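Right, one structure below, let's go through it.
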2 protein chains.
Amino acid sequence: MPADIPDLRTRPTPGSGEGTGAERRRTGRTGPDCVKCEARALSLCGALREEDLTRLDRVASQAEFVAHDLLVEEGEVAIHLFNVSSGLVKLYKLLSDGRRQITGFLGKGDFIGFPFARVNAYTAEAVTPVRGCRFSRPDLVRLMGEVPGLEHRLLASIGDTLAAAQEQMMLLGRKNARERLASFLILQAARQERGGYVGERVALPMSRTDIADFLGLTTETVSRTLTQLRKDRLIDILGTEAVVLRDREQLEIIAQA
Amino acid sequence: MPADIPDLRTRPTPGSGEGTGAERRRTGRTGPDCVKCEARALSLCGALREEDLTRLDRVASQAEFVAHDLLVEEGEVAIHLFNVSSGLVKLYKLLSDGRRQITGFLGKGDFIGFPFARVNAYTAEAVTPVRGCRFSRPDLVRLMGEVPGLEHRLLASIGDTLAAAQEQMMLLGRKNARERLASFLILQAARQERGGYVGERVALPMSRTDIADFLGLTTETVSRTLTQLRKDRLIDILGTEAVVLRDREQLEIIAQA
DNA sequence: CGGGACTTTGAGCAAATTCAACCATTGTGG
DNA sequence: CCACAATGGTTGAATTTGCTCAAAGTCCCG
């Protein structure tokens, strides 16, 4: 089973993007050119007419990030919104003592931010190199008044996010560690397929700590539980950044999906 | 401190509404008359012009429920959507083995359902007697295309719901029992205030089991933790359906809000 | 006054966490 | 070029938090 791992795995050269937490954007003012956007079909812009797309194009700019860059920060005044074109982003909230809850992972086609919220409800951090389409919030809000399909599209997208959040509440409130991991692996596989990848490898570009903070567990429990799933021949573990779902059916039963 | 308890506490006469899980609606086809709706300021309809309100009025009907009635059911095709006028509703999802996660409690002004979802993502059940405004889903979707403010309003409302869901994910994933209860009590107090109630009593019309299923705990832990908060003089417990937050500031610190 | 549902309290248990050590990979500097 | 430090991951032992099971208490009705 050779090179069928999605390019999520590629990490940036370290040292180039490591920092003190300061935001670190490589932003080109190169026009975004929505028309040939790779994520268009999945995105906000998917259903727009050529004419409206051009208007969207005018208020958008291309943005690139390396791992650990922050796209938006919890509690800050929301200036920009993003549409992810490629790469993986994690969203999280923090408690004052440092406990962290990752509320979601976003990939190609997903939307970051909420047009009507003056302040960001979460931090969005690049897990892998990320390319995205950046909008100024006021511009987008104005455009939403003018291009009806836009608001519609956004509403649908937020609806999906809300449904996912409710599913995750079920996981966090009522599932045990094994069920959480099974659910997570299936979720990752589904995301990957939605993004157009095929092949049996499921990429896990995020760290064990990230997985733990998403599932409401500790890294140790994540590690132990993955090992247990491997011993039960439900998965193969390929290094730390990919797995193979050997028995997806059984995993789905465990996940209680 | 006399009668300052919100009417949420009143329970229906038992026997009248107890059932096998079957839906049990008392629905009047009496016109809803949005114009004098008590929940209008908080609701979907809040910002509409008189003219649009009339159009909304035409696709809406008044609905009443007693405790344990189901307004919508998880997995069913979504026919109706609701706007709660009074009373308390719980939303939940079930796992096949009966484990339950309550994803939210809704009160005056809150919206139930999602216009673009063909199938309900959750069950909505009346906790107390509930009055609401009922919309046919296709009607509302059509109207959303015609009355621009409506979609806007709904988007804002879903955004709030999503923010609350993410907050709850933090609670479920990373807070301990004491922190969960403190958060919950403050949340209930805030809901009550938002609904226009004043006074120091916080009504808890839902059962301990409901609270447990909302907080990802068991009834026993809820009970024990409330007792502990009482012993620490942070709350008074008034029967099973109300508490007083004696030291709200401290509770907020515990809740890590 | 009695029955039933719900809540509280108690004791023992189990799942997941904490703390600690070890391992693997990778990049750095001698 | 290789030793070694640093980072992230895995494994183990002890601890803890919250759960399970059991029993008693309370409240609200009739």
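Chain letters run A, B, ... following the sequence lines, proteins first and then strands; every chain starts at 1. Note that the structure is predicted; figures quoted are calculated from it, not measured.
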Would you mind checking if [Y] and [X] are paired as a salt bridge, meaning a charged N to carboxylate O distance below 4.0 Å?
{"X": "A:Arg201", "Y": "A:Asp236", "value": "no"}
{"X": "A:Glu193", "Y": "A:Arg248", "value": "yes"}
{"X": "B:Arg246", "Y": "B:Asp232", "value": "no"}

Can you measure [X] atom [atom1] to [N] atom [atom2] for me and round it to whole angstrom units?
{"X": "B:His68", "N": "C:dC6", "atom1": "NE2", "atom2": "C1'", "answer": "11 Å"}
{"X": "B:Glu179", "N": "D:dT17", "atom1": "CD", "atom2": "C1'", "answer": "12 Å"}
{"X": "A:Gln228", "N": "D:dG9", "atom1": "CD", "atom2": "C1'", "answer": "17 Å"}
{"X": "A:Glu241", "N": "C:dA24", "atom1": "CD", "atom2": "P", "answer": "18 Å"}
{"X": "B:Ile237", "N": "C:dT8", "atom1": "CD1", "atom2": "P", "answer": "6 Å"}
{"X": "B:Leu226", "N": "D:dT26", "atom1": "CG", "atom2": "C1'", "answer": "16 Å"}
{"X": "B:Arg208", "N": "D:dG25", "atom1": "CZ", "atom2": "P", "answer": "19 Å"}
{"X": "B:Arg230", "N": "C:dT8", "atom1": "CZ", "atom2": "C1'", "answer": "10 Å"}

### Footprint string (nucleotides 10-21 of chain C, 5' to 3'): B base within contact, S backbone only, - free, heavy atoms under 4.0 Å
BB----SBBB--
### Test item: A:Glu179 and A:Asn176 side chains (from C-beta on) under 4.5 Å apart, heavy atoms
yes
### Task
Answer yes or no: does a side-chain N or O of B:Thr227 lie under 4.0 Å from OP1 or OP2 of C:dT9?
yes
### Rounded distance [0.5 Å steps], OH in B:Tyr122 versus CD in B:Glu74
11.0 Å
#### Entry: Straight-line distance of A:Arg100 CZ to A:Thr123 OG1, nearest 0.5 Å
10.0 Å
